[in-house]
Amino acid sequence: MPGDRLTYRRRIDATPDAVRVVLNDLCLVLSALSVAQDETATVELVLAEVLNNIVEHAYQGVPAGPIEIEVTSDDCGLEVRLCDWGLPMPGGQLPPGACPRIAAIPADTPEGGYGWFLIRALASDLSYVRLEGRNLLGFHLDLARAVATA
Amino acid sequence: MQLSVEQRGDDLLVAVREDRIDAAVAVQFKDAMRRATESAGRRVVLDLSQVGFLDSSGLGALVAAMKALGPDRRLDLMAPTPAVQKVFRLTRMDSIFAIHPDDASAFGVGTLARAG
């Protein structure tokens, strides 16, 4: 029996602690809607990666503006939209997110570059637009069952 | 960032007493690991059983902790939770680190535990 769609909207400060709070909150909302734990974990991971990117790169670690988050459910999962007022994506495009290569020796193992790889591995329909001083990022997270609030 | 430390023969068992290794605490984790493993012997085993969430920042911090041990010491991982296992699998960290499901497989049944 289809119920109402989930519409989750938050505006947060661009800090790691505010990110933690909203992730916890969203996970509680999804769990209450009977989203499976492993799927909730995936949503949390992808949201963490994109939000941390905004904090660290768009705002360069200076919380000079908010991050607006919108998560809505559809027939195959969740549509996520993020808006920030930070610096534009370098080159105006999303990073390709290739998996950092396994190094021949441990000392050469990369410490970074995993974030966009994880985002691209777990999310689909990624989009990025720079519009009137804002970064608008969108993507879809597939879920096994549609989320319904009723 | 709370870590607990226990000597296990020549190895050091470090347990993470936090439920997240993420962007908010990655630097603190690296610092705490460096302090905890300064005088560690040939192997450090990191107990991740309490860590329910690890993101790419946490992953980078694990790699940094491994590199900080230098070429003559190793960092093994133990008891990752399912969400953390998934990150390891996707990023192929399971080919960089030895990952033990539990204490017995990390240390072998019958290994003497000595208070450190």
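Just so it is clear: chains get the letters A, B, ... in the order the sequence lines come, proteins before strands, and each one is counted from 1.
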Original post:
A:Glu49 and B:Ser57: side-chain contact (heavy atoms from CB on, under 4.5 Å), yes or no, with the steps?
Top reply: CA-CA 9 Å; A:Glu49 298 297 341; B:Ser57 303; 5.8 Å; no
Original post:
Yes or no on side-chain contact (heavy atoms from CB on, under 4.5 Å) for A:Leu23 and B:Arg20, after CA distance, side-chain angles and deciding distance?
Top reply: CA-CA 12 Å; A:Leu23 289 176; B:Arg20 304 173 76 81; 3.7 Å; yes
Subject >> Region of B:Leu54 in contact with chain A, defined by heavy-atom distances below 4.5 Å >> reply: backbone
Subject >> Region of A:Glu56 that comes under 4.5 Å of a non-hydrogen atom in chain B >> reply: side chain
**OP:** Provide the closest heavy-atom pair for B:Val63 versus A:Pro110 in the form atom of the first, atom of the second, distance.
**Re:** CG1-O, 3.7 Å
Original post:
Do A:Leu78 and A:Leu136 sit in the same hydrophobic cluster, where Ile, Leu, Val, Met, Phe, Trp and Tyr count as joined when their side-chain heavy atoms come under 4.5 Å apart?
Top reply: no
Subject >> Within one Ile-Leu-Val-Met-Phe-Trp-Tyr cluster: B:Leu75 and B:Val5, side-chain cutoff 4.5 Å >> reply: yes
**OP:** For A:Arg20 and B:Val25, work out which heavy atoms get closest and say how close.
**Re:** NH2-CG1, 3.5 Å
Original post:
So what's closer than 4.5 Å to chain A heavy atoms on B:Leu90: side chain, backbone, both or neither?
Top reply: both
Subject >> Best-contacting candidate, B:Ala83, B:Ala61, B:Ala64, B:Gly70, against chain A by heavy atom pairs under 4.5 angstrom >> reply: B:Ala64
**OP:** Check the surroundings of atom CD in A:Gln60: do more than 12 heavy atoms from other residues, nucleotides or ligands lie under 6.0 Å from it?
**Re:** yes
Original post:
Do side-chain atoms of B:Lys67 reach the backbone of A:Asp108 as a donor and acceptor pair under 3.5 angstrom?
Top reply: no
**OP:** Determine, stepwise, if the pair A:Leu122 / B:Lys86 fulfils side-chain contact (heavy atoms from CB on, under 4.5 Å).
**Re:** CA-CA 11 Å; A:Leu122 297 169; B:Lys86 181 167 183 175; 3.9 Å; yes
**OP:** Group every Ile, Leu, Val, Met, Phe, Trp and Tyr by side-chain heavy-atom contacts under 4.5 Å, then state whether B:Phe53 and A:Leu28 land in the same group.
**Re:** no
**OP:** Under 4.5 Å heavy-atom distance to chain B, tell me which part of A:Thr15 shows up: side chain, backbone, both or neither.
**Re:** neither
**OP:** Provide the closest heavy-atom pair for A:Leu45 versus B:Asp55 in the form atom of the first, atom of the second, distance.
**Re:** CD1-CA, 3.8 Å
Subject >> Inter-residue atom distance B:Arg92.CZ - A:Phe117.CZ, 0.5 Å rounding >> reply: 6.5 Å
Original post:
At a heavy-atom separation under 4.5 Å, does B:Ser95 approach chain A through its side chain, its backbone, both, or neither?
Top reply: side chain
Original post:
What distance do A:Thr109 atom OG1 and B:Phe97 atom CZ have between them, rounded to the nearest 0.5 Å?
Top reply: 7.0 Å
Original post:
How about A:Arg101: does its CZ atom have over 12 heavy atoms from other parts shown lying under 6.0 Å from it?
Top reply: no
